[in-house]
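Read the structure below first, then the notes.
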Amino acid sequence: MAILSRDFYDRPTLEVAKSLLGKILIRELPEGETALRIVETEAYIGGDDKACHASKGMTARNRVMFGEPGHAYVYLIYGMYNCLNLVTEKNSFPAAVLIRAGEPINGEKIMMSRRSKAKKPCDIASGPGKLCAAMNITRELNGADVCIKGGLYVEDGLMVENVVVCPRIGVDYAGEDALRPWRFYDKNSPCVSKRAK
DNA sequence: GTCGTGATAGCCT
DNA sequence: GGCTATCACGACG
């Protein structure tokens, strides 16, 4: 399968978020290769989106979002969990897609060993913090290019047919922006973090 | 199965 | 000093 090119990310963020469903996230670890089929994403778009870190302007933490598309934006949340985002749209327009969940495709044992609490395959990466723990994605990867074969990249995959669109999770503080239907997931996947009502 | 709660540390004002 | 794009656990039934 081909690696997704930078052009894939240099598009409206909602399109990227939706078309990332079904794509394959690949992480190369010392123990071997791990891969997840992406089944859940969220879009965070620009300075006007109060749920987006960039809504308060550029800071040391979020500067990667303002840069070139096709790079990883990794940050720490709640003091304990990492979250993986893929930067979209042009330079100086801050936007990214949060990768929230995936189905194990390859290296399941490796990921399982990093997720001792997981009892079944779907527990491995059914949430952004879990996904990063399983693949050992840390802030060392902040700013990494995901359009070239390396420690972290994304390959093409089959498009998901039944996509559910609903509001984003955990952003109640964003007021009316919390209601925007900017979350996407594969209706047929058992591995999504949370289902809409 | 669903619900409520506390842990925890870097970032920003 | 207040906040946060979460997770896992225990109490229910």
Side-chain angles (χ1 to χ4, degrees), chain A residues 9 13-14 16-18 20-21 25 36 38-67 69 71-89 93-104 111-144 146 152 154 164-186 190-197:
Chain A
Y9 302 96
T13 304
L14 292 176
V16 178
K18 192 171 174 183
L20 270 173
L21 296 177
L25 178 69
L36 292 171
I38 298 170
V39 298
E40 183 177 344
T41 62
E42 281 179 9
Y44 288 85
I45 310 173
D48 294 332
D49 173 12
K50 286 197 274 299
C52 181
H53 287 173
S55 63
K56 289 169 186 166
M58 182 161 63
T59 65
R61 176 167 71 152
N62 67 25
R63 70 186 159 75
V64 174
M65 257 204 289
F66 288 77
H71 288 260
Y73 170 42
V74 183
Y75 64 89
L76 191 72
I77 189 63
Y78 300 123
M80 358 162 51
Y81 302 106
N82 289 296
C83 285
L84 171 66
N85 302 251
L86 300 178
V87 177
T88 59
E89 313 212 29
F93 185 86
V97 175
L98 170 66
I99 308 299
R100 285 191 58 90
E103 294 175 3
M111 292 191 281
M112 210 54 141
S113 71
R114 294 184 177 281
R115 294 264 311 119
S116 53
K117 304 282 169 55
K119 293 192 175 61
K120 34 184 208 304
C122 274
D123 293 335
I124 291 176
S126 56
K130 300 179 194 175
L131 186 150
C132 288
M135 291 188 139
N136 198 27
I137 292 169
T138 67
R139 276 162 298 149
E140 287 175 24
L141 285 169
N142 191 35
V146 298
L152 183 70
V154 188
V164 178
V165 183
C166 61
R168 293 171 291 182
I169 304 247
V171 294
D172 293 344
Y173 63 88
E176 58 190 24
D177 283 330
L179 301 175
R180 294 177 186 276
W182 286 356
R183 174 172 177 244
F184 304 89
Y185 69 87
D186 179 358
C191 301
V192 301
S193 64
K194 210 172 183 184
R195 296 187 172 275
K197 288 169 202 145

- Item | Chi angles and distances behind the disulfide (SG to SG under 2.5 Å) call for A/Cys132, A/Cys83 | CA-CA 6 Å; A/Cys132 288; A/Cys83 285; over 6 Å; no
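- Along DNA chain B, the nucleotide nearest to A/Tyr81 and the one nearest to A/Asn62 differ in position, and the one closer to the 5' end is contacted by A/Tyr81.
- Of the candidates A/Ile38, A/Val39, A/Val164, A/Asp186 forms a side chain to side chain contact (heavy atoms under 4.5 Å, CB included) with just one, namely A/Val39.
- Listed pair A/Tyr78 / C/dT6 meets the phosphate criterion, a side-chain N or O lying under 4.0 Å from OP1 or OP2.
- Nucleotide B/dG10 holds its C1' atom 16 Å from the CD atom of A/Glu140, rounded to whole Å.
- The backbone N or O of A/Ala51 lies less than 3.5 Å from no partner atom in the side chain of A/Asp177, so there is not a single donor-acceptor pair.
- Spacing between atom NZ of A/Lys130 and atom P of C/dC9 amounts to 11 Å, rounded to whole angstrom units.
- Side-chain contact between A/Tyr44 and A/Arg168 is present, with heavy atoms from C-beta onward closer than 4.5 Å.
- A donor-acceptor contact under 3.5 angstrom links the side-chain atoms of A/Tyr75 to the base of C/dA5.
- A heavy-atom distance below 4.5 Å is found between the side chains of A/Met135 and A/Leu25.
- If you measure from atom CZ of A/Arg168 to atom P of C/dT4, you get 14 Å, rounded to the nearest angstrom.
- Side-chain atoms of A/Tyr75 and A/Asn85, non-hydrogen and from C-beta on, do get closer than 4.5 Å to each other.
- If you take CG of A/Asn82 and P of C/dC7, they are 11 Å apart, rounded to a whole angstrom.
- One atom, CE of A/Met65, and another, C1' of C/dA5, lie 10 Å apart when rounded to the nearest Å.
- Distance, A/Ile77 CD1 to B/dT8 C1': 11 Å, rounded to whole Å.
- Residue-to-nucleotide proximity on DNA chain C shows that, of A/Ala118 and A/Val171, the 5′-proximal contact is made by A/Val171.
- Remark: DNA chain B takes part in the stems B:1-7 with C:6-12, B:9-12 with C:1-4, each of 3 or more antiparallel Watson-Crick or G-U pairs, criterion distances under 3.5 Å.
- Screening A/Thr41, A/Thr88, A/Asp49 for a side-chain hydrogen bond (donor to acceptor under 3.5 Å, both in side chains) with A/Thr13, the sole residue that qualifies is A/Thr88.
- The side chain of A/Met80 sits closest to B/dA7 out of C/dA5, B/dC11, B/dA7.
- Note on A/Arg115: a side-chain N or O is less than 4.0 Å away from OP1 or OP2 of C/dA8.
- The distance between atom CZ of A/Arg139 and atom P of B/dG10, rounded to the nearest whole Å, is 7 Å.
- Atom NZ of A/Lys117 is separated from atom C1' of C/dG10 by 14 Å (rounded to the nearest Å).
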